[in-house]
Amino acid sequence: MELTRQEKNVLAFIQKYVSEHSYPPSIREISDAVNLKSTSSIHRYIKILESKGHLHVDPNKPRTIVLKTDEEFELEPEIEPEPVTITIEGNTLSMVEDCMRKKNISFKDATCYLISIGWKADHLVNEIVPKKDE
């Protein structure tokens, strides 16, 4: 079965840790290494890797992860989204002003509204909605 990027990262860290220390890592050490705050997520990944035949775990004892695969995995770096640059004719301020004019909202009253400009499908939209009382 194909492994997801995060499953590969968990397995790669366990392999690396076992080769360096001769015993398996703790759940917290795995979560720190793969940048997941939730230990329950690590438990879930370990169960998935066990069901896919890559490891075996004794649920009654700590640090009992046993590797069952000869295939070696390497940690894959986090993928950073690339910034997207969009060129729009005109400027954002004029779009906000146009939206406010259509709704008859003055600049004085603008702090009572949330102004949203963004894309829906293939066209630019702007929206003004009243803020809810907190």
Side-chain angles (χ1 to χ4, degrees):
M1 288 182 165
E2 189 72 24
L3 298 179
T4 66
R5 182 184 59 77
Q6 197 66 290
E7 290 167 356
K8 287 178 186 175
N9 281 345
V10 169
L11 189 54
F13 176 73
I14 293 169
Q15 287 175 331
K16 180 180 178 202
Y17 192 96
V18 169
S19 72
E20 291 174 359
H21 298 90
S22 300
Y23 58 90
S26 68
I27 297 299
R28 178 63 57 202
E29 288 166 332
I30 297 169
S31 69
D32 290 344
V34 297
N35 296 322
L36 285 174
K37 305 274 185 261
S38 169
T39 56
S40 63
S41 293
I42 299 302
H43 283 287
R44 185 171 44 90
Y45 281 116
I46 288 173
K47 282 185 181 185
I48 291 168
L49 291 168
E50 188 173 24
S51 72
K52 291 182 178 182
H54 292 283
L55 355 138
H56 175 70
V57 179
D58 182 344
N60 300 317
K61 298 177 186 170
R63 291 189 190 242
T64 57
I65 298 171
V66 177
L67 294 166
K68 293 178 70 178
T69 184
D70 293 332
E71 187 178 356
E72 288 192 23
F73 293 89
E74 291 188 25
L75 284 167
E76 295 180 17
E78 291 282 328
I79 300 170
E80 293 290 327
E82 292 186 26
V84 177
T85 304
I86 300 171
T87 305
I88 302 171
E89 291 183 24
N91 64 39
T92 306
L93 182 59
S94 65
M95 292 168 60
V96 171
E97 289 171 344
D98 289 345
C99 192
M100 289 172 62
R101 245 190 309 280
K102 288 177 188 172
K103 301 275 187 175
N104 291 325
I105 298 171
S106 70
F107 279 109
K108 179 180 169 193
D109 296 330
T111 58
C112 298
Y113 295 87
L114 298 173
I115 300 170
S116 168
I117 298 174
W119 291 93
K120 278 190 182 172
D122 61 349
H123 63 282
L124 193 64
V125 294
N126 52 17
E127 191 174 25
I128 293 183
V129 290
K131 285 184 184 176
K132 293 182 180 179
D133 292 335
E134 296 179 24

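One is the number of the first residue; the rest follow in order along the sequence. Treat the numbers as computed from the prediction; the structure is a model and nothing was measured.
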Checklist entry - In terms of heavy-atom contacts, does NZ of Lys8 have more than 12 from other residues, nucleotides or ligands at under 6.0 Å? => result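 More than 12 heavy atoms, drawn from other residues, nucleotides or ligands, come within 6.0 Å of this atom.
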Any [X] side-chain heavy atom under 4.5 Å of [Y] side chain:
X     : Y     : value
Leu49 : Leu3  : yes
Lys37 : Ser31 : no
His54 : Ile14 : no
Val10 : Glu7  : no

For the [atom1] atom of [X] and the [atom2] atom of [Y], what is their distance to the nearest 0.5 Å?
X     : Y     : atom1 : atom2 : result
His56 : Glu50 : NE2   : CD    : 6.0 Å
Leu36 : Ile42 : CG    : CD1   : 4.5 Å
Asn9  : Ile30 : CG    : CD1   : 12.0 Å
Glu2  : Lys52 : CD    : NZ    : 8.0 Å
Ile65 : Gln15 : CD1   : CD    : 11.5 Å
Ser41 : Ile27 : OG    : CD1   : 11.0 Å

Next on the checklist: Grouping I, L, V, M, F, W and Y whenever their side-chain heavy atoms are under 4.5 Å apart, do Val66 and Ile46 come out in a common cluster?
Outcome noted: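 Val66 and Ile46: separate clusters.
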Checklist entry - For the residue pair Phe13 and Tyr17, does the interplanar ring angle fall in the parallel (under 30°), tilted (30 to 60°) or perpendicular (over 60°) class? => result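 Taking Tyr17 first and then Phe13, their aromatic rings sit tilted (interplane angle of 30° to 60°).
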